[in-house]
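For reference, the structure discussed in these notes is given below.
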Amino acid sequence: MTVVESIKRPSQYIIEGYKTLVENYESVTCAISDILGRTGAMTADMKPLFEGLRLAGTVITAKSVGGDLSAVIKAVDLSQPGDIIVVDAQGNANSAFWGENITMSAMNKGVAAAVIDGSFRDVEEIRKLKFPIFSKGIVPNVGAIAGYGHVNVPIQCAGLPVHPGDMIVIDGNGIVVVPIAESEEILNKTKALLEVEDGVQEKLKAGATIGQLIDIDQLMQSGFNYQERALENK
Ligand SMILES: O=C([O-])CC(=O)C(=O)O
Ligand SMILES: [Mg+2]
């Protein structure tokens, strides 16, 4: 079992930068995905426990093996305030990888959220605790706690590679992951894109259509047509 105790995190300036974007803009995840080249989002089967979850934080990873919860429990103990625990449950929605006791432990450590590509249990208690969870489902069956699993190793979660120290941003649209190495550049580009979008919004409020603003007629005339191109080159 691999347990990496200490991880590299983005600077406080970068972490705060993402948090400020989430406070100031409703759909930051969409802008980040755009900047990442229309990628970076976890799959749409990841569902929030509550509506209105909006946060940004640094990733701690837990890679479950054989449905075991040990890595999750250890990941909580290694977390710092504001971290988000991301669990690689290999998409197993028929087993719980998180529950009330783990939630209370996570809250004691200041963990901001859990993102699990499997299920969790004790849903009523966790709802009362108001702890943010994104998961593939809710189910009573839970795995053993037998010492299997890895903490703070590279994982996959809901279709994405995730590394410890990456940034996660969550809003009503879903979850995006920003690799730590690109976290400053993506922050700056996302900020710039959201400011441009503000300008577009102003024009739409004034009565324009998006078709006018991007000149959709010209764009549609420029559509690539393989057969036409082949005939031109004949
Ligand atoms: O068995 C476990 O550790 C999962 C659970 O129910 C809890 O955390 O309350
Ligand atoms: Mg329990």
Side-chain angles (χ1 to χ4, degrees), residues 10-11 13-59 82 84 86 91 112-113 115-117 132-137 156-163 166-233:
S11 70
Y13 168 83
I14 293 172
I15 296 171
E16 289 305 320
Y18 280 98
K19 287 186 177 168
T20 304
L21 282 188
V22 172
E23 277 161 26
N24 292 331
Y25 291 95
E26 278 167 342
S27 289
V28 174
T29 57
C30 300
I32 292 174
S33 168
D34 290 350
I35 295 298
L36 287 169
R38 302 167 205 277
T39 66
M42 288 192 187
T43 50
D45 53 354
M46 294 291 282
K47 303 292 185 205
L49 175 55
F50 309 104
E51 289 302 309
L53 292 187
R54 306 175 49 74
L55 50 106
T58 307
V59 170
I84 297 178
V86 182
V115 172
I116 308 162
D117 79 336
I133 299 184
F134 253 90
S135 75
K136 292 211 172 183
Q156 74 73 40
C157 185
L160 284 185
V162 185
H163 292 77
D166 287 349
M167 284 299 305
I168 287 234
V169 181
I170 293 174
D171 63 25
N173 301 286
I175 310 163
V176 292
V177 177
V178 181
I180 182 171
E182 298 165 51
S183 57
E184 183 164 16
E185 182 191 345
I186 301 299
L187 173 64
N188 293 333
K189 286 184 174 170
T190 301
K191 216 182 284 178
L193 177 61
L194 287 164
E195 283 161 14
V196 169
E197 290 271 342
D198 278 347
V200 171
Q201 288 292 309
E202 286 309 313
K203 290 179 182 147
L204 291 171
K205 280 179 199 153
T209 70
I210 193 68
Q212 292 163 350
L213 296 178
I214 67 170
D215 197 353
I216 192 72
D217 290 338
Q218 202 220 328
L219 191 64
M220 292 187 75
Q221 279 158 23
S222 71
F224 176 76
N225 183 315
Y226 168 79
Q227 288 79 5
E228 277 178 16
R229 181 73 60 88
L231 286 171
E232 277 167 22
N233 294 334

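Computed from a predicted structure; not experimentally measured. Heavy atoms only: backbone and side chains are in, while hydrogens, waters and symmetry mates are out.
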request  = Over all heavy atoms of both residues, which pair between V22 and A56 is shortest? Give the atoms and the distance, please.
outcome  = CG2-CB, 4.2 Å
message = A side-chain contact here means heavy atoms from C-beta on lying under 4.5 Å apart; do T43 and D117 qualify?
response = no
query = Just by distance, do the side chain of R229 and the backbone of F224 share a donor-acceptor pair under 3.5 Å?
reply = no
inquiry  = Could you walk me through whether I186 and I32 satisfy the side chain to side chain contact (heavy atoms under 4.5 Å, CB included) test, starting with their C-alpha distance in whole Å, then the side-chain angles of each, then the deciding distance to 0.1 Å, before giving a yes or no?
reply    = CA-CA 7 Å; I186 301 299; I32 292 174; 4.1 Å; yes
Residues D198 and Y25: side-chain donor-acceptor under 3.5 angstrom = yes
inquiry  = Can you confirm whether I170 sits close enough to P132 that some side-chain heavy atom of one is under 4.5 Å from a side-chain heavy atom of the other?
reply    = no
query = So which heavy atom on L160 is nearest to which on G40, and how close?
reply = CD1-O, 3.2 Å
Inter-residue atom distance D171.CG - T29.OG1, 0.5 Å rounding = 3.0 Å
remark   = Heavy-atom closest pair (C157 atom, V115 atom, distance to 0.1 Å) is SG-CG1, 4.1 Å
query = Side chains of Y18 and T58: does their closest heavy-atom pair fall under 4.5 Å?
reply = no
request  = Could you grab the distance from atom CD of Q212 to atom CG of D217, nearest 0.5 Å is fine?
outcome  = 9.5 Å
query = To the nearest 0.5 Å, what is the distance between CG (D34) and NZ (K189)?
reply = 12.5 Å
ask   = With a 4.5 Å heavy-atom cut-off, do T20 and K191 have their side chains touching?
value = no
ask   = What heavy-atom pair brings A112 and L55 nearest, and what distance separates the two atoms?
value = O-CD2, 4.1 Å
Non-hydrogen side-chain atoms of V177 and M42 separated by less than 4.5 Å = yes
query = After noting the C-alpha distance and the side-chain angles of I180 and V59, does the key distance pass the side chain to side chain contact (heavy atoms under 4.5 Å, CB included) rule?
reply = CA-CA 9 Å; I180 182 171; V59 170; over 6 Å; no
key: CE on M167 to NZ on K19, rounded to 0.5 Å   = 7.5 Å
query = Can you tell me how far the CD1 atom of I14 sits from the CG atom of N188, to the nearest 0.5 Å?
reply = 8.5 Å
request  = State, yes or no, whether a side-chain contact exists between K136 and M46 at a heavy-atom distance under 4.5 Å.
outcome  = yes
ask   = Side-chain contact, heavy-atom cut-off 4.5 Å: I168 with I175?
value = yes
ask   = Shortest non-hydrogen contact from P48 to L53?
value = CB-CD1, 3.9 Å
ask   = Atom CD1 in I210, atom CD1 in I216: separation rounded to 0.5 Å?
value = 9.0 Å
ask   = Can you find a pair of side-chain heavy atoms, one from N24 and one from L194, that are under 4.5 Å apart?
value = no
ask   = Within a radius of less than 6.0 Å around CD of Q156, do more than 12 heavy atoms belonging to other residues, nucleotides or ligands occur?
value = yes
request  = Evaluate whether atom CD of E16 has more than 12 neighbouring non-hydrogen atoms of other residues, nucleotides or ligands under 6.0 angstrom away.
outcome  = yes
